[in-house]
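Heavy-atom basis, side chains included; hydrogens, waters and symmetry copies ignored. Everything numeric here is computed off the predicted structure, so don't read it as measured data. This chain uses plain numbering: 1 for the first residue, then up along the sequence.
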Amino acid sequence: MDIVPQKWRKRLIRWMEDNRALIIVFFCLPASFLFDLILNTRKWILHRLFADPRKHDERVQAIQKQVGKWNELPENTRKFMCTARPNWQSLSTTFFKKDLCHKVPIPLYNILSLDEKNLTVRVEPMVTVGDICKYLIPKGYTLAVTLEIADATLGGLAFGVGMTTYSHKVGLYQETIVSYEVVLGDGSLVKATKDNQYSDLYHCLPWSHGTLGFLVGLELQIIPVKPYIHMKYIPIKGQKKYCDLIRQYSGAMDKDKETADYIEATIYSKEKAVLMVGNFEDANIAEKSGKINRLSRWYKPWFYKYVETFVDRGESDEYIPLGDYLLRHNRAIFWVVESMIPFGNNPLFRFFVGWLLPPKPAFLKFTTTPGVRAMTFTKQVFQDIVLPMTELERQIDVAEELFDTYPILIYPCRIYDHGEKTGQLRPPRKDQMCPGTNWGMFNDLGVYGVPSAVKRRERFDAVEAYRRMEQFTRDVGGYAFLYADTFMDLKEFKQMFDLTLYERVRKKYKAIGAFPHLYEKVKPEIDVFKVGKEYIDPLS
């Protein structure tokens, strides 16, 4: 029997929702700051006392020994293995039930080496985007694909997915991985590259979410950079016009087109968008221009809000320090923070409180209650979907019909056809390919925020909306990012993702019985259909 009746629980949730901004400002932000301070202090101590890069091999051997001990257990007592990293430290919206698994600590936080000749960096999996930016940028480099959220780990992106505004040149994060070092289910250590004896494993590790082994090392491509990005803001009115320009600037159908270093678009309504085109620039040119925008400073406008001003101001340009640009969406977590703190972009708020932003994703997950967990998909939307750019207009139409929330993020990205070794991603269809290449231009459709129906306190069937979005994605040959809640059954999941090679690899490399299946690992830990029905009506 519930201690708090459902009726009163919903009223409490409604009160918290109505006063969410005040709760976040007066409790969550200060608590998140202290929480982050404690975590960073702990991280500093671990790095200083225990995380010697020279002892990487010893730490990997310790992990192998733990897997070996698991193998010595009676077969009928073995639980699936997973990392001991708490759920709240991940960026996914789901809470995989690690308490039902055999947890193995992976204390690997170091940058191991930089190879400037071959333009690669070797890292341990728990190195974050923030860590690698601080390390590489002063040396004149950055990762070829750098996610905009500082807390994301390079290992999490490797076993999941990553895409940025450089992806129209190189593709997804997985295309920039030179090698994976993996401890398999039998305790053996292998190094997988695209052309060695473990190439089948190499192509299945992306999108595997830790279901094929434990990642203990990564070698990643880096690119030489200049200290500034010369950014041009191009406001466009008319859906057909901005969709055509995004395809044109990204070289979607022209393999010989010289494209800018960074390309993205933010869509503010069905008929209004701003296209951003950025190129590396030397310091002397940028500093002489007098148009430098250090946009990551706490008092500066949130990036997407600043970009929106160009809709009325017209085309313009400026110079942005590279580090500021790469993490431009970090303070507002793209535009998620606006749904938490509607007045958060107010100049006074930014000046006096902006230094506390963003609320740490780890803290938000750490403090998630069942009611808040239910609202993460019934009253909000967090979706990143990889879709063919040939269907860009339809993507936006469908997103508006189902969720009606703006802005919408667009990142152009190459999706490659690797033939028999494509892995979980089905290759682009023939009509989606760029002529004369082995890739098709897709894009990330990022939809984050509160659906209009929820804002109006109307009935919103979240499950139906998500399932229709997933059906559209399958119909056009796209893929949903698996950090967010999914609503597909196994048959539908296999229609979206090709698990043929994945299943063979699981068997070949001793993952069956050692690690959960991909579908079981990424599906929501709650009954989303039941919860969706409970929260389909406005909270009262």
Does the E308 side chain pair with the main chain of T266, one donor and one acceptor, at a distance under 3.5 Å?
no

Under 4.0 Å between a side-chain nitrogen and a carboxylate oxygen: does that hold for D244 and K241?
no

Under the criterion side chain to side chain contact (heavy atoms under 4.5 Å, CB included), I'd like the reasoning laid out for I149 against I333: C-alpha separation, chi angles, the key distance, then a yes or no.
CA-CA 7 Å; I149 302 300; I333 315 179; 4.3 Å; yes

Go through the steps to decide whether L172 and L425 satisfy the test side chain to side chain contact (heavy atoms under 4.5 Å, CB included), and finish with yes or no.
CA-CA 11 Å; L172 294 169; L425 295 193; 3.7 Å; yes

Measure the CH2-CE distance between W335 and M340 for me, rounded to the nearest 0.5 Å.
14.5 Å

How about F382 and Y448: are their ring centroids closer than 6.0 Å?
no

Using 4.0 Å as the upper bound for N to carboxylate O, is an ion pair formed by K270 and D397?
yes

Report, as yes or no, whether the 6.0 Å neighbourhood of atom NZ on K134 holds more than 12 heavy atoms from other residues, nucleotides or ligands.
no

Whether the Q471 and R474 side chains hold a donor-acceptor pair (N or O, under 3.5 Å, no angle test) is what I'd like checked.
yes

At their closest point, which heavy atom of N330 faces which heavy atom of A150, and how far apart are they?
OD1-N, 3.2 Å

Taking the basic N atoms (NZ, or NE/NH1/NH2) and the acidic carboxylate oxygens, is any pair closer than 4.0 Å for E175 and R414?
no

Do the non-hydrogen side-chain atoms of Y135 and L114 ever get within less than 4.5 Å of each other?
yes

Strictly by modelled atom types, are Y483 and D384 linked by a side-chain donor-acceptor pair under 3.5 Å?
yes

Main chain of C204, side chain of Q424: is a donor-acceptor contact present, judged purely on distance under 3.5 Å?
yes

Pair Y319-E287, side-chain donor/acceptor within less than 3.5 Å:
no

Residue K237 excluded, over 12 heavy atoms near NZ under 6.0 Å:
no

Do you know which two heavy atoms are closest between N293 and K300, and how far apart they sit?
OD1-NZ, 3.2 Å

Is the backbone N or O of M433 less than 3.5 Å from a side-chain atom of W439, with the two atoms forming a donor-acceptor pair by type?
no

Could you walk me through whether E393 and K240 pass salt bridge (charged side-chain N to carboxylate O under 4.0 Å, His left out), step by step?
CA-CA 7 Å; E393 289 88 347; K240 180 68 166 59; 5.2 Å; no

Run the ring-centre check on F334 versus Y304 and record whether the distance is less than 6.0 Å.
no

Exercise: identify the closest heavy-atom pair between D485 and Q383:
O-NE2, 3.6 Å

Measure up the H203 and H418 rings against each other and bin them: parallel (under 30°), tilted (30 to 60°), perpendicular (over 60°).
tilted

Between the main-chain N or O of F280 and the side-chain N or O of D261, is there a donor-acceptor pair closer than 3.5 Å?
yes

Provide the closest heavy-atom pair for G278 versus A260 in the form atom of the first, atom of the second, distance.
O-CB, 3.7 Å

When you measure from the side chain of E124 to the backbone of N110, do you find a donor-acceptor pair of N or O atoms at a distance under 3.5 Å?
yes

Kindly confirm or rule out a cation-pi arrangement of R328 over Y325, judged by NZ or CZ under 6.0 Å from the six-membered ring centre and within 45° of its axis?
yes

Does atom CZ of F343 have more than 12 heavy-atom neighbours from other groups under 6.0 Å away?
yes

What I want to find out is whether E338 reaches K305 closely enough, with some N-O distance under 4.0 Å, to be called a salt bridge.
yes

If I take atom CZ from residue R426 and atom CE from residue M496, how far apart are they, to the nearest 0.5 angstrom?
10.5 Å

What do the steps show when you test T128 against D151 for side chain to side chain contact (heavy atoms under 4.5 Å, CB included), and what is the final call?
CA-CA 6 Å; T128 67; D151 288 341; 5.6 Å; no

Quick check on K272: does its NZ atom have over 12 non-hydrogen neighbours (other residues, nucleotides or ligands) under 6.0 Å away?
no

Using the side-chain contact (heavy atoms from CB on, under 4.5 Å) rule, pick out the option among R331, M276, E148 that qualifies with F303.
M276

